[in-house]
Amino acid sequence: MKPSTPKGTRDFLPAQVVKRNYIFDTIKSVFIKYGYQAIETPTMEKLSTLMGKYGDEGDKLLFKILNNGDYLADANEDALNNKDSNKVLSSIASKGLRYDLTVPFARFVVMHQNDIAFPFKRYQIQPVWRADRPQKGRYREFYQCDVDIVGSDSLLYEAELVQMYDEVFTNLGIKTIIKVNNRKILFGMAEAAGIANQFMDMTVAIDKLDKIGEQGVKDEMERKGISTEAISNILKMLNMSTLTEFETAFANSETGLKGVEELRTFHQYFDLKTPYNKVEFTPTLARGLSYYTGCIFEVEVDTNAEGQEKVKMGSIGGGGRYDDLTANFGLKGVSGVGVSFGAARIYDVMEELDLFPKNNASELKVLFLAENQQAHIQAFGLLNQVRSAGINAALYPEFKYKKQVKYATSINVPYMVMVEQTEDGTVQAELRNVATKDRTVMHIDEIIEQLKD
RNA sequence: GUGGUUGUAGCUCAGCUGGUUAGAGCGCCUGAUUGUGGUUCAGGAGGUCGCCGGUUCGAAACCGGUCUUCCACCCCA
């Protein structure tokens, strides 16, 4: 039989894992610096935790786990006979794979509210699963990398999160544009245009702006039955760029004015330090129809930056504030704000721009090669010394020179040490630089010195 | 979930409108050669043509189903 992985899942080769970990490590070190702590939640959650949190569409995309034991014995018989999958489900499956990290986190906060201190700052890097149909850059198993604060509505955290974006992408070497908006500004626009009741339709249309253009947005809103007058009003507002303009437009929208004020406060915190990346107020940023209620963020690769012109990639990060994150689980009035890093997309961008470091600390530094069995045993002793000095080292098991060199070149190791017996019966070690082909016989202590830098 | 697309050796792919024992390059293994950095030469192993069923005297090729790949839509990350 031909081995394969399930649809939408993949294996990761050593070189890929090294690169992925480089991204995670860079992100983690920034999280830790800003005072966030890691948590983990189980791969599976109860379906009662998961169902109904992502809409009807989301429920379909949940992977369900069959109950153990004789699950059909306990299945709902009527539903089974009628082939009613939805009804049968609840009697044969009570667990599912996590669909994102936010809902499990909300469950976590409610369950452990007495063990954690608010504001609670956590980060979480774990895979999630979706039974979506796979396509380019979309898998059924992928990592999410979330950082959130719950239990405070201070805008200091919005500023902090954007600073973290700025620092992470600077460290990774990607020049980005960090777009900032506020859902209250969007609501203000709907209110100012007199279509507050069609806020959702408007938001969904605006969210597609990048994809379908201004005319497309106009058409979409028309289709949703928004009046032409309101549409032209909204389009006019979308082209405004300063908070002062919005303040004027929102004279009759309390929510809109609140949004302007929130963004001003955000800037009071944020502007104390000059960011390396572009941070732009973007009134057209909508972030889908998700649960966001305040500030929203999205990160894009800056295609105007030198060397990045050709990068075609959607958003590589996003997030925002959501009130009542935990209300679903019975804890009201707890506000949260968080952002997510799109690890897989960041990986692709870094690959395209060749931004991964060449010499990774987790890679093998030196490969020992021995001439014969006698030398092999001696080489193992030398190997121990090199490893004790903290250098990543390995010994090749066979003696055939051709195979040794072939292996060394195929694993891309920078140094080799050839261990040979001399005529007087002692052993000598020769350090070889694979790239320059330099070779020198030297004492093992010297070799260690050489390899250390 | 809808529409399309892909599947032949470990890898990248040929294989005409159905017709003998299914091929190439690379890789792999063995031996020689090279006083040592993937050399050269010779030989070799490896495929139920994704899987199941059908049409046919005959299927890798045609038809149906299924799994997989990639793409668009829906939605989303």
Side-chain angles (χ1 to χ4, degrees), chain A residues 1-11 13 23 53-62 85-86 98-103 124-146 200 203-205 207-208 210-212 216 220 286-292 296-300 312-320 338-349 367 369-372 375 396 398-420 428 430-439 441:
Chain A
M1 91 171 208
K2 199 171 185 176
S4 64
T5 61
K7 186 204 282 264
T9 66
R10 59 228 159 111
D11 290 324
L13 290 165
I23 294 174
K53 308 298 192 298
Y54 311 103
D56 292 346
E57 203 63 32
D59 285 353
K60 280 188 209 155
L61 299 181
L62 283 171
S85 305
N86 282 333
R98 77 169 94 79
Y99 180 88
D100 70 1
L101 299 179
T102 307
V103 167
Q124 191 171 357
I125 301 175
Q126 289 189 281
V128 303
W129 293 268
R130 294 183 187 181
D132 207 354
R133 191 173 287 206
Q135 54 176 282
K136 184 75 173 177
R138 276 172 78 171
Y139 302 94
R140 291 184 145 188
E141 177 184 62
F142 59 96
Y143 272 89
Q144 280 196 336
C145 188
D146 279 18
M200 271 305 186
T203 308
V204 171
D207 194 38
K208 294 182 184 164
D210 280 347
K211 225 178 199 175
I212 60 180
E220 169 109 10
R287 293 288 297 160
L289 27 68
S290 39
Y291 33 68
Y292 298 118
I296 46 181
F297 316 103
E298 194 156 290
V299 184
E300 276 174 20
K312 273 196 189 135
M313 185 63 73
S315 119
I316 55 173
V339 296
S340 183
F341 289 78
R345 285 182 171 183
I346 292 171
Y347 183 105
D348 290 344
V349 170
L367 180 70
L369 309 173
E371 185 192 29
N372 54 34
Y396 191 72
E398 294 179 48
F399 312 130
K400 209 166 198 178
Y401 184 72
K402 191 172 171 176
K403 292 188 73 172
Q404 294 174 329
V405 169
K406 205 164 197 179
Y407 182 77
T409 49
S410 72
I411 63 169
N412 239 331
V413 68
Y415 291 98
M416 302 186 286
V417 171
M418 176 59 78
V419 181
E420 290 170 307
Q428 69 171 34
E430 184 184 63
L431 179 67
R432 302 182 177 186
N433 182 318
V434 176
T436 65
K437 300 189 181 180
D438 286 343
R439 47 173 74 180
V441 175

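Below, chain A is the first sequence line, B the second, and so on; all start at residue 1.
When distances are taken from the side chain of A/M416 to each of B/A77, B/G38, B/G37, the shortest belongs to B/G37. When distances are taken from the side chain of A/K437 to each of B/G38, B/C76, B/G37, the shortest belongs to B/G37.
Of the side-chain N and O atoms in A/K406, one or more sit less than 4.0 angstrom from OP1 or OP2 of B/C28. Residue A/K400 has a polar side-chain atom (N or O) positioned under 4.0 Å from OP1 or OP2 of B/G31. OP1 or OP2 of B/A72 has at least one side-chain nitrogen or oxygen of A/Q135 nearer than 4.0 Å. Using a 4.0 Å cut-off, some side-chain N or O of A/K7 falls inside it from OP1 or OP2 of B/U68.
The CD-P distance, from A/E57 to B/A77, rounds to 13 Å in whole Å. Residue A/Y292 contributes atom OH, which lies 11 Å from atom P of B/C76 at whole-angstrom precision. As a whole-Å value, the separation of A/D11 CG from B/U69 C1' is 15 Å. Atom P of nucleotide B/G37 and atom CG of A/N433 are separated by 15 Å, given to the nearest angstrom.
For a distance-only test at 3.5 Å, the side chain of A/R133 fails to qualify as a donor-acceptor partner of the base of B/C70.
When the P atom is compared between B/C75 and B/U48, the two are found 45 Å apart, to the nearest whole Å. The gap from the C1' atom of B/U12 to that of B/C57 amounts to 37 Å, rounded to the nearest Å. Taking atom P in both B/A42 and B/A24, the straight-line distance is 15 Å, to the nearest Å.
Within 4.0 Å (heavy atoms only), A/G8 reaches sugar-phosphate atoms of the nucleic acid but no base atom. Within 4.0 Å of A/R439, counting heavy atoms only, lies at least one base atom of the nucleic acid. Counting any heavy atom pair closer than 4.0 Å across all strands shown, A/K60 reaches no nucleic acid atom. Among the heavy atoms of the strands, none lies under 4.0 Å from A/V128.
A/R140 places a side-chain N or O within 3.5 Å of a backbone atom of A/D132 that can act as its donor or acceptor partner. Without hydrogens or angle criteria, A/D146 side chain to A/S340 main chain gives no donor-acceptor distance under 3.5 Å. Here the side chain of A/R345 pairs a donor or acceptor atom with the backbone of A/S315 at under 3.5 angstrom.
Scanning all heavy atoms of the two residues, the minimum distance from A/Q404 to A/E398 falls at NE2-O, 2.8 Å.
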